[in-house]
There are 2 protein chains.
Amino acid sequence: MPHSATPTKRPNAYSNILQKATPMFAAQGYSGVSMRDISKKVGTSAAALYHHFPNKQRLYLAVMEHVFADKVENIVNSLDRTSPPQNQLTQFVSHFVALMGNDLSLRTLLQRELLDGDEARLKLLTERLFVGPFEAIASFAKNLSSKSDPYMLAISMVGLIIFHFETAPIREYLSDSDRPENDFELISNHVTQLLSSALGANQ
Amino acid sequence: MPHSATPTKRPNAYSNILQKATPMFAAQGYSGVSMRDISKKVGTSAAALYHHFPNKQRLYLAVMEHVFADKVENIVNSLDRTSPPQNQLTQFVSHFVALMGNDLSLRTLLQRELLDGDEARLKLLTERLFVGPFEAIASFAKNLSSKSDPYMLAISMVGLIIFHFETAPIREYLSDSDRPENDFELISNHVTQLLSSALGANQ
DNA sequence: ATGACCTTACTTAACGTTTGTTAAGGTGGC
DNA sequence: GCCACCTTAACAAACGTTAAGTAAGGTCAT
């Protein structure tokens with residue numbers, strides 16, 4: 001073989017492991033996935049993983065960092081602070097719906113962390129990643145309504161969106177009506193309308 | 001010992017095991033808790049558990065049934081279908097907030113099931129337990145607003161409440177303002193107000 | 001260009017522990 | 001004597017992790 005057939009074939013085992021491990025941890029949780037499980041998916045031995053990560057905990061942490069980095073920060077970048085708060089609301093909702101809908105691992109790991117995360121890790125994650133977007137959301141929430149606490153409102157907005165994805169697997173059993181596909185736009189519109197009629201009315 | 005000192009001291013090992021295992025599964029998840037962990041908490045040997053349950057899976061399922069039974073059904077009973085929908089909304093929200101706030105295991109196991117539950121178990125749980133309350137909520141939601149899909153609205157209501165509890169552990173790191181205690185009434189009022197101003201306005 | 005040397009990336013084997021589960025037997029109330 | 005209820009001991013498998021060795025490739029003085 002003279003030179004690599006595929007031009008950019010240097011998968012960098014490290015990030016390849018992260019990539020393979022991410023959906024596994026998302027689907028089965030930390031203690032539901034063994035190092036041997038991961039090694040099988042990657043196609044190496046279990047011991048090889050220890051060449052790249054000191055132990056399982058640190059591998060998991062690296063997965064978290066890999067998943068959350070950038071993506072969460074992009075929320076604050078996607079908001080145009082100069083536009084009227086109503087527009088910012090619409091912007092945020094459609095952006096966040098797309099984020100949660102397209103990245104199953106991100107949403108699942110986020111919810112797992114809220115369930116399983118010890119205090120120290122939750123504090124770290126929150127301060128390093130969540131505070132920024134949260135403040136940005138609360139900021140335009142404050143301009144939307146003087147009636148509600150903007151911080152509670154921000155939590156409500158996020159929860160509203162996430163729960164529609166969380167309940168997606170049981171939706172078809174909940175109501176016998178032939179539901180349409182789990183359409184992002186359906187959720188996006190529903191949430192936007194609910195929030196804007198809640199906040200637009202009694203400002 | 002002539003007769004039992006404490007009058008009703010017949011703990012019925014079976015339900016005692018369930019009682020001890022419930023918060024453990026809620027906190028650590030299915031694969032995070034071993035049969036020996038449970039046996040230690042109960043105060044017996046691990047093998048003793050197999051006298052009451054055929055295996056770990058069935059023990060877990062019994063825990064689920066034990067936790068969800070009654071409590072979830074009570075939601076539909078707590079609703080007075082004859083009162084105006086606005087009152088039903090207030091009733092439901094305060095009842096559901098109390099339920100989620102007072103029973104940590106219930107909420108946590110519910111969320112774990114939505115994350116981990118295989119299709120078959122989710123279908124079973126939904127049809128046997130969730131459909132009733134869900135229809136009841138959707139029913140008064142339909143009378144509240146003709147604008148939104150009542151089924152999506154019902155999901156929104158539940159998600160709104162649950163997420164405020166889900167994010168409770170990171171709340172203090174999210175905003176530096178000295179938050180009050182995680183007050184049920186605070187959440188209850190916030191959600192009720194948000195929903196009623198959303199739905200009362202453009203009926 | 002060669003050999004010595006180092007680093008990187010992996011391998012197979014094995015360690016001690018924990019896992020779910022079973023077998024075999026004992027004890028106390030009916 | 002029987003049955004509900006528990007015990008201790010053990011099983012094979014899977015767990016996280018480590019040890020030791022090897023093959024490939026780059027570096028560098030000679």
Side-chain angles (χ1 to χ4, degrees), chain A residues 1-64 66 112 116-118 121, chain B residues 1-64 66 112 116-118 121:
Chain A
M1 211 186 293
H3 57 70
S4 166
T6 51
T8 54
K9 178 88 170 289
R10 187 179 294 260
N12 198 359
Y14 178 89
S15 64
N16 184 248
I17 293 170
L18 288 187
Q19 209 178 92
K20 296 275 168 55
T22 297
M24 302 180 76
F25 279 128
Q28 332 243 51
Y30 178 80
S31 48
V33 177
S34 73
M35 294 298 266
R36 284 174 177 85
D37 288 339
I38 297 171
S39 76
K40 260 169 221 154
K41 202 84 149 197
V42 173
T44 60
S45 66
L49 301 178
Y50 286 86
H51 179 75
H52 302 278
F53 305 92
N55 53 44
K56 190 187 175 185
Q57 289 255 12
R58 294 280 290 271
L59 200 175
Y60 181 75
L61 271 161
V63 164
M64 299 296 280
H66 170 254
R112 264 187 211 289
D116 298 334
D118 57 86
R121 204 165 65 210
Chain B
M1 211 186 291
H3 58 70
S4 164
T6 51
T8 53
K9 177 88 171 291
R10 188 178 293 260
N12 198 359
Y14 177 88
S15 64
N16 184 246
I17 293 169
L18 289 187
Q19 208 178 94
K20 295 276 168 54
T22 297
M24 302 180 76
F25 279 129
Q28 332 244 50
Y30 179 79
S31 48
V33 178
S34 72
M35 295 298 267
R36 284 173 178 83
D37 288 339
I38 297 171
S39 75
K40 261 169 221 153
K41 203 85 150 196
V42 173
T44 60
S45 66
L49 301 177
Y50 286 86
H51 180 73
H52 302 277
F53 305 92
N55 53 45
K56 190 187 175 186
Q57 289 254 12
R58 295 281 288 272
L59 201 174
Y60 181 75
L61 272 161
V63 163
M64 299 296 279
H66 170 254
R112 264 188 211 291
D116 297 334
D118 57 86
R121 206 165 67 210

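Below, each value reflects all heavy atoms present in this structure, side chains not excepted, and no hydrogens, waters or symmetry copies. Sequence lines set the chain letters: A, B, ... in the order given, protein chains first and strands last, and positions in each chain run from 1.
- Between B:M24 and B:V33, the shortest heavy-atom contact is O-CG2, 3.3 Å.
- In terms of the side chain to side chain donor-acceptor pair (under 3.5 Å) criterion, B:N55 has no residue partners (sequence neighbours excluded).
- With hydrogens and angles disregarded, a donor-acceptor distance shorter than 3.5 Å links the side chain of B:R112 to the backbone of B:A27.
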Sequence-aligned protein contact record of nucleotides 12-19 of chain C, with B where the base is within under 4.0 Å of a protein heavy atom and S where only the sugar-phosphate is: B-B----B

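- Taking a 4.0 Å limit (strictly below) on heavy-atom distances, residues 18-28 of chain A does not reach DNA chain D anywhere.
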Below 3.5 Å between N/O atoms, which protein atoms pair up with nucleotides 21-24 of chain D? Just atom names and distances, please.
none

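- The distance between atom CZ of A:F53 and atom P of C:dC10, rounded to the nearest whole Å, is 11 Å.
- Per the geometry, OH belonging to B:Y30 stands 9 Å off C1' belonging to C:dG20, to the nearest Å.
- In B:R58, the CZ atom is not crowded: 12 or fewer heavy atoms of neighbouring residues, nucleotides or ligands sit closer than 6.0 Å.
- Rounded to whole Å, the distance from OH on B:Y50 to P on D:dA9 is 19 Å.
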For nucleotides 25-30 of chain C, list the nitrogen or oxygen atoms of the protein found under 3.5 Å from its nitrogen or oxygen atoms, one pair per line.
none

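- In terms of heavy-atom proximity, B:S31 sits nearest to A:S31 at OG-OG, 3.5 Å.
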List every contact pair, protein side and nucleotides 6-9 of chain C side both N or O, where the distance is under 3.5 Å.
unit_1, atom_1, unit_2, atom_2, d
C:dA9, OP2, A:H51, NE2, 3.3

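- Mapping B:P54 and A:G43 onto DNA chain C via the closest heavy atom, the residue that lands nearer the 5' end is A:G43.
- The CZ atom of A:F53 lies 11.0 Å from the NE2 atom of A:H51; values are rounded to the nearest 0.5 Å.
- Few gaps surround NZ on A:K20; more than 12 heavy atoms of other groups in view lie less than 6.0 Å from it.
- Within the 3.5 Å criterion, the main-chain N or O of B:S34 finds a donor-acceptor partner in the side chain of B:D37.
- For the atom pair B:T22 OG1 and B:H66 NE2, the distance stands at 5.5 Å (nearest 0.5 Å).
- Minimum heavy-atom separation, B:L59 to B:F25: CD2-CE1, 4.1 Å.
- Separating the CZ atom of A:R58 from the C1' atom of D:dT17 is a distance of 15 Å, rounded to the nearest angstrom.
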